[in-house]
> 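Take a look at this one; I'll ask things after.
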Amino acid sequence: MHGPTQLFTVIALVSLPTVMYGGYALMGVLRDRKLTEHQRAMFRAGHAHAGVLLVLALVALQILSRTTLTGTTVWITCFLLLFGILAQSGGFFLHLLPNQNKLGGRVTTAGAALLAAAVLLTAYGVAFA
């Protein structure tokens, strides 16, 4: 592994402790009962999506490193993964802010689209390796 897949694997691995800390913070939020039930649900969803999607990214990056896609396509796929994860999970956290449900939903949807593009590019690379 080298180049963008190595860099983004390091980014994903370094990001995992922040998600682990988020689990600790979630326990405090639930204990203090300062958020509404909807806000707690969005906090949980954002945290869970971040963790699962980082693991997905680690798997996708391993697969991507074994394809014969061009360097530019690999870079694009890596950025799609990164921004997709940030948007998909971040959109849930936007729901914590007052009157931001529509924005949160749009950001989460955009993240899903970015992740779908990254996974489809990776699948293309596997199919034609």
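Sequential numbering from 1 along the given sequence is applied to the chain's residues. Just so you know, these numbers come straight off a predicted model, no measurement behind them.
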> Quick check: do L121 and L64 have side-chain heavy atoms less than 4.5 Å from each other?
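Not touching, per the 4.5 Å side-chain cut-off.
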> Working to the nearest 0.5 angstrom, can you tell me the gap between T122 OG1 and L69 CG?
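Here the interatomic distance stands at 7.5 Å.
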> Report the distance from atom CG of L94 to atom NZ of K102, rounding to the nearest 0.5 Å.
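So the CG of L94 and the NZ of K102 are separated by 15.0 Å.
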> Give the ring-plane orientation class for F128 versus Y124, where under 30° counts as parallel, over 60° as perpendicular and anything between as tilted.
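Geometry flag for Y124 against F128: tilted rings.
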> Between F92 and T108, what is the shortest heavy-atom contact and its length?
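Reported closest heavy-atom pair: N-OG1, 3.5 Å.
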> Given the rule that I, L, V, M, F, W and Y join up when any side-chain heavy atoms are under 4.5 Å apart, are W75 and I85 in one cluster?
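The answer is yes; both residues are in one hydrophobic cluster.
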> Nearest 0.5 angstrom please: L54 CG to L61 CG, how far?
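Between L54 CG and L61 CG, I get 10.0 Å after rounding to 0.5 Å.
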> Spell out, yes or no, whether L115 and L86 are grouped together once hydrophobic residues are joined by side-chain heavy atoms under 4.5 Å, including indirect joins.
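Yes, one cluster joins them.
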> Rounded to the nearest 0.5 Å, how far does NE2 of H95 lie from CD of Q39?
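Those atoms lie 11.5 Å apart.
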> Which atom names give the shortest non-hydrogen contact between A60 and L81, and what distance separates them?
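Result for this residue pair: CB-CD1, 4.1 Å.
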> Looking at CZ of R40 and CE of M42, how far apart are the two atoms once the value is rounded to the nearest 0.5 Å?
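Atom-to-atom, R40:CZ and M42:CE are 12.0 Å apart.
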> Return the minimal non-hydrogen interatomic distance between L80 and A117, and the atom names on each side.
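Minimum heavy-atom contact is CD1-CB, 4.0 Å.
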> V55 and V119: same hydrophobic cluster, using ILVMFWY side-chain contacts below 4.5 Å?
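Shared cluster, no.
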> Mind checking what makes salt bridge (Lys or Arg N to Asp or Glu O under 4.0 Å) contact with R66, not counting sequence neighbours?
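Salt bridge (Lys or Arg N to Asp or Glu O under 4.0 Å) check on R66 returns nothing, list empty.
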> Using the rule given for side chain to side chain contact (heavy atoms under 4.5 Å, CB included), can you reason through L16 versus L58, listing the C-alpha separation, both sets of side-chain angles and the distance that settles it, and then say yes or no?
CA-CA 11 Å; L16 280 172; L58 289 169; 4.0 Å; yes
> Are M20 and L56 grouped together when hydrophobic residues (ILVMFWY) are joined by side-chain heavy atoms under 4.5 angstrom apart?
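Yes, same cluster.
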> Indicate the atoms forming the closest heavy-atom contact of A50 with S89, along with that distance.
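Looking at all heavy atoms of both residues, the shortest contact is N-CB, 3.7 Å.
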> Does a side chain donor of either T18 or S15 reach within less than 3.5 Å of an acceptor in the other side chain?
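Note: T18 and S15 side chains miss the donor-acceptor criterion.
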> Determine the minimum heavy-atom distance between H47 and V19, stating which atoms define it.
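Closest approach of H47 to V19: CE1-O, 2.5 Å.
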> Got a list of side-chain donor-acceptor pairs under 3.5 Å for residues 4-14, not counting sequence neighbours?
residue, atom, partner, partner atom, Å
T5, OG1, H2, O, 3.1
T9, OG1, T5, O, 2.6

> Taking L53 as the starting point, is it possible to reach I76 by hopping between hydrophobic residues whose side chains are less than 4.5 Å apart?
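Yes, it is one cluster - the side chains of I76 and L53 are joined through contacts under 4.5 Å.
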